[in-house]
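First comes the structure, then the notes that go with it.
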Protein chains: 2
Amino acid sequence: MALAHAILTILTDTPSSGYDIGKRFEEQVSCFWKASSQQIYRELTKMEQQGWLQHEVIAQTGKPDKKLYSLTAAGRQEWQRWYTAPTEPTPIREDLLVKVLAGAHVAPEQVRQAVLLRRHRHAQQLQLYRRTEAEEFPPNAMTRSQQFSYLTLRRGLRYEQDWLAWCDEVLTFLDEQAAADSPSALPDTSALPLQ
Amino acid sequence: MALAHAILTILTDTPSSGYDIGKRFEEQVSCFWKASSQQIYRELTKMEQQGWLQHEVIAQTGKPDKKLYSLTAAGRQEWQRWYTAPTEPTPIREDLLVKVLAGAHVAPEQVRQAVLLRRHRHAQQLQLYRRTEAEEFPPNAMTRSQQFSYLTLRRGLRYEQDWLAWCDEVLTFLDEQAAADSPSALPDTSALPLQ
DNA sequence: TTGACATATTCAACAAGTTGAGTATAGACT
DNA sequence: AGTCTATACTCAACTTGTTGAATATGTCAA
């Protein structure tokens, strides 16, 4: 039911077509939700069958017709119900952590490579968020709606920073291990790699 | 294919039954992967069909028979291939962020409630991880395998701490808004809620 | 002795997410 | 003239994840 509620939330803001919703997902919401257009269209059909939405067909010149969806009273009510119900955290499924967990069974270089690759991805994503922050959220001139939007971007920023910091922890650990194992290492830095 | 590789990883360590794997998922891996036993059994069957695993039936006294799965050469090879292939970050789907995004459309108290509920959950999870840390990872006496395991716990600890910090950011923002809106507020603390 | 709990696995149905193709119009670029 | 992109939607097949029930044995405690 989760995607349905994300869609309801967008339609709370303004009536939209499936295509519009898809774009808003990509632009605004991609930091914490991803949905393919196929998924969105399918969900919209289901939600209309449930009576949460209605649509009217809008003829456009130069573009294909579109179905403009808007909330029904039942939809608005369902949205309110959802809003006050507790939200569960996303189940996390992280390949990289599985790899690190098994780190003792592979060459240290393999662990390092895996972590480095992911570190790079998070660094890029962080940069992207930083750009968005600079471009779309002027420190002293945000509307109320923008302020909330900014709070969600803050989550994205934190998330990426936290990943980077953890990757660095792992890399530091690997460095210390390597130093301790190599004959030319300083002898007294091997213990207590993390605390 | 992701669950399959998590299972391969566990079997790299030691041959196990579906039930054993389920328990290790719950105990060790639950911080970053969740799988129901049904899912695991289904996946094991599929993996055996692909030739990654083989099993032998072990008769036990006082307990039902079990199927002890172990890696084949092909399975080990596939695991190696996966290990060196880049890992994508999990797609995140966070209801709570959708709620905060729409914060301007509901009463501030509703946002606060939603955030407080989640904050509580993360605080509890953090405490749980802290206990695990204290009980299972003695600072100076970890095996190599434990050290890697500890690194994954570190990810969990960080993750929960980061959530708490963000929740507090949102709550602070809401407090400042409330103070700015109420007549008895200090007049000059309203601007620049975050930076 | 009855019921809860741990061990150990299977089947069925469904919901959610992914992949890929297909249909259409229209403007812009080459 | 042909291709690319943007708009706008649909259908089908598949994989993955969730929920609930069913089966079977043995131990431990109320």
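Below, chain A is the first sequence line, B the second, and so on; all start at residue 1.
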Exercise. Does B:Q60 place a side-chain N or O at less than 4.0 Å from the phosphate oxygens OP1/OP2 of C:dT7?
Worked result: no
- Message: Tell me whether the side-chain N/O atoms of A:K46 come closer than 4.0 Å to OP1 or OP2 in C:dA16.
- Response: yes
Residues pairing under salt bridge (Lys or Arg N to Asp or Glu O under 4.0 Å) where one sits in residues 77-88 of chain A, two or more places apart or in two chains, turn out to be A:E78-A:R81, A:E88-B:R121
Which atom pairs link the protein and nucleotides 19-25 of chain C when you take only N or O atoms and keep those under 3.5 Å?
{"residue": "C:dG20", "atom": "O6", "partner": "A:Q38", "partner atom": "NE2", "Å": "3.3"}

Please state whether the rings of B:W82 and B:W79 are parallel, tilted or perpendicular, taking 30° and 60° as the class boundaries. tilted
From CG of A:D65 across to P of D:dA6 the rounded distance in Å is 21 Å
When rounded to whole Å, the NE2 to P distance for the pair A:H55 and D:dA8 reads 15 Å
Applying side chain to side chain donor-acceptor pair (under 3.5 Å) to B:Q54 and not counting sequence neighbours gives none
So that I can tick it off, tell me whether B:R112 and B:E109 are bridged by a salt bridge, with the cut-off set at under 4.0 angstrom between side-chain N and carboxylate O. yes
Side chain to side chain donor-acceptor pair (under 3.5 Å) filter on B:Q124, not counting sequence neighbours, yields none
Looking only at D:dT18, C:dT18, C:dT7, the nucleotide nearest the B:R93 side chain is C:dT18
* To do: Please work out if B:K67 contacts a base, only the sugar-phosphate, or nothing of the nucleic acid, heavy-atom cut-off 4.0 Å.
  => sugar-phosphate
Here the distance between atom P of C:dT18 and atom CZ of A:R42, to the nearest Å, is 10 Å
A:Y19 OH to D:dT10 P, in whole Å, measures 15 Å
Sorted by chain and number, sequence neighbours left out, side chain to side chain donor-acceptor pair (under 3.5 Å) with B:E48 holds for B:H55
In whole angstroms, the gap separating C1' of D:dG20 from OH of B:Y41 amounts to 16 Å
Residues passing the side chain to side chain donor-acceptor pair (under 3.5 Å) test with B:S17, sequence neighbours excluded, are B:D20
Between CG of A:L3 and P of C:dC14 the distance, given in whole Å, is 21 Å
Per the under-4.0 Å heavy-atom filter, residues of residues 10-18 of chain A near DNA chain D come out as A:S17, A:G18
By side-chain contact (heavy atoms from CB on, under 4.5 Å), B:R76 pairs with (sequence neighbours left out) B:T12, B:L71
| message | Below the 4.0 Å mark, does D:dT18 have OP1 or OP2 next to a side-chain nitrogen or oxygen of B:K34? | response | no
When rounded to whole Å, the CD to C1' distance for the pair B:E43 and C:dT10 reads 16 Å
In short, ring-ring contact (aromatic ring centres under 6.0 Å, His included) pairs touching residues 104-125 of chain A with sequence neighbours left out are A:H122-A:W163
Between NE2 of A:H5 and P of C:dA15 the distance, given in whole Å, is 15 Å
